[in-house]
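Reckoned from all heavy atoms, side chains included, excluding hydrogens, waters and symmetry mates. These numbers were taken from a predicted model, which means no experiment stands behind them. Residues: numbered from 1 along the sequence shown.
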Amino acid sequence: MTTFASGTDTLTRDALTVLQPGFTGTTAPDWLLRRLGEGLASVGLFGRNIASPEQLTALTAQLRAERDDVLVAIDEEGGDVTRLEVRTGSSFPGNHALGAVDDVELTRDVAAELGRRLAACGVNLNWAPSADVNSNPSNPVIGVRSFGASSKLVARHTAAYVTGLQSAGVAACTKHFPGHGDTAVDSHHALPRIDVDASVLGTRELSPFRAAIAAGTRAVMTAHILVPALDLDRPATLSGQVLTDLLRGELGYTGLIVTDGMEMQAIAGTYGIERGSVLAIAAGADAICVGGGLADDETVRRLRDALVSAVRSGELPEGRLADAAERVRTLAHWTAAGPADAQLPADEEVGLRAARRALRIIGADGFTPLTTAPYVAAFTPVANVAVGDETPWGVAAELARLIPGTETGSFAGEDAGLATLAAAGPRRVVAVVRDEHRHPWMGAALDTVLRTRPDTIVIEMGLPQAPARGALHIATHGAARVCARAAAEIIAGE
């Protein structure tokens, strides 16, 4: 039964209702349970909160014992960005692999199975899919998280993903509005800017969001980006022109608007999280996501008090806060009602089937599968914040399962090529790269290895933008565990 703390005034309760905070640990801390009783309606989960499906199920049950309609949100894109399988790598390929296959039924099936697993663990709001059109291949934060560089392709797969996910009773949160694909800056670190005119935005960036809205996406996440064609001064998250005039007005969207993480430097570094949260709600956002970095009761108290103070001072209309809180409750009621469809059957292998279909293989005609253990050299770039560095990647583990004795090392920097040759010795080299086109040192390392060892196998697990080379070249379109397994099967002739 939903509990309500006595004596909490409506304004304070609404201010808590619009927050989506995180916490540390694998059980809910006392402060979080207390806030749920006082009006908090959402909780965000991250990799640090998840040890196993059983533990996650117990955690969400603990939250619902305090508030039965709580929104439990997670950043589970599959592919490179996984929280359910943060320590092993995902059982699902990411968006770019699905876009490479370009089978909307497959995308829908993958999203439905992912949704089924989330729902089974008690998670009912997924901060996915990414509807960003990756029109800038040098983008440091989107990349393989996007279905591709074509707005039409991204639109049809975004719609399919939303449909599949929500068929399991898990609300989709399509992101990052109005589109984060054409940026060269990571908004975790600074404020990106997109300098294109409104007509380009309308045909390129906005097309996937229109498709998501038509498919019934229950939530949309804002982008911390400056788009001068829409608002000269404020980033999208804080812009009434972007959220109210464009998203609500022109696009006709009526669901929940969620901000991206407010502690990201694009907002926190300029406005601060309190001021940023007030401006976001005033601009038309309904829920404040915070907790990836700041994950304590003090953060919740600061944001609650900032919103209450803004209403009392007249800076934030009380009706706007009440409207935002009501949209949160509306989504909570939808998730509590469960999926309209019958119970989805499990399809445990759909992710692997998709990963196999996503492979692009060059040089297979003259390739003989390996029978002796190779040396796997992982040319490892610095991971972006969205992906994190705790999730393993590469093919070594999967290849070792098929070819016992396989060894591996991680290399970076100007000496990576020579170090690889020294470590590999006479063994066949499997060089694994990730976004080679974005890292000159990585291309140079491959040059060095291939000059001496032209029989080297090259596996690209990021965007396959660089020219394909090596005795065998495999593009996986992502670094999920199933992508690694699919590539390893080719190398071992499975």
Please name the pair of heavy atoms, one in [X] and one in [Y], separated by the smallest distance, quoted to 0.1 Å.
{"X": "Pro21", "Y": "Ser42", "value": "CD-O, 3.2 Å"}
{"X": "Gly148", "Y": "Val154", "value": "O-CG2, 3.4 Å"}
{"X": "Val110", "Y": "Ala354", "value": "CG2-CB, 4.1 Å"}

* Can you name the one residue among Thr456, Thr406, Ile457, Thr372 that meets side-chain contact (heavy atoms from CB on, under 4.5 Å) with Arg428? ->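 Per the side-chain contact (heavy atoms from CB on, under 4.5 Å) rule, the option paired with Arg428 is Ile457, out of Thr456, Thr406, Ile457, Thr372.
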
* Are there more than 12 heavy atoms of other residues, nucleotides or ligands under 6.0 Å from atom CG of Asp195? ->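 Check passes, neighbour count above 12.
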
* Tell me, yes or no, whether the heavy-atom count around Glu494 atom CD, taken from other residues, nucleotides or ligands under 6.0 Å, exceeds 12. =>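 More than 12 heavy atoms, drawn from other residues, nucleotides or ligands, come within 6.0 Å of this atom.
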
To the nearest 0.5 Å, what is the distance between [atom1] ([X]) and [atom2] ([Y])?
{"X": "Leu40", "Y": "Trp31", "atom1": "CG", "atom2": "CH2", "result": "7.5 Å"}
{"X": "Cys483", "Y": "Leu359", "atom1": "SG", "atom2": "CG", "result": "7.5 Å"}
{"X": "Met262", "Y": "Thr299", "atom1": "CE", "atom2": "OG1", "result": "12.5 Å"}
{"X": "Thr476", "Y": "Arg356", "atom1": "OG1", "atom2": "CZ", "result": "14.5 Å"}
{"X": "Thr420", "Y": "Leu446", "atom1": "OG1", "atom2": "CG", "result": "9.0 Å"}
{"X": "Glu460", "Y": "Ile474", "atom1": "CD", "atom2": "CD1", "result": "12.0 Å"}

Any side-chain to backbone donor/acceptor pair from [X] onto [Y]? Under 3.5 Å, distance only.
{"X": "Asn124", "Y": "Leu71", "result": "no"}
{"X": "Glu113", "Y": "Val350", "result": "no"}
{"X": "Asn49", "Y": "Gly25", "result": "yes"}
{"X": "Arg485", "Y": "Ala480", "result": "no"}
{"X": "Thr391", "Y": "Val86", "result": "yes"}
{"X": "His224", "Y": "Gly261", "result": "yes"}
{"X": "Thr237", "Y": "Pro235", "result": "no"}
{"X": "Glu77", "Y": "Asn95", "result": "no"}
{"X": "Glu263", "Y": "Ile273", "result": "no"}
{"X": "Thr259", "Y": "Cys289", "result": "yes"}

Ion pair [X]/[Y], N-O distance below 4.0 Å:
{"X": "Asp103", "Y": "Arg353", "value": "no"}
{"X": "Lys175", "Y": "Asp260", "value": "no"}
{"X": "Glu348", "Y": "Arg116", "value": "yes"}
{"X": "Arg427", "Y": "Glu407", "value": "yes"}
{"X": "Arg145", "Y": "Asp132", "value": "no"}

* Which is it for Asp296 and Arg302 under the salt bridge (Lys or Arg N to Asp or Glu O under 4.0 Å) test, yes or no, and what are the steps along the way? -> CA-CA 10 Å; Asp296 53 24; Arg302 286 166 57 195; over 6 Å; no

* To do: Apply side-chain hydrogen bond (donor to acceptor under 3.5 Å, both in side chains) to Ser91 and Arg481, showing your working.
  => CA-CA 6 Å; Ser91 300; Arg481 175 170 49 84; 2.7 Å; yes

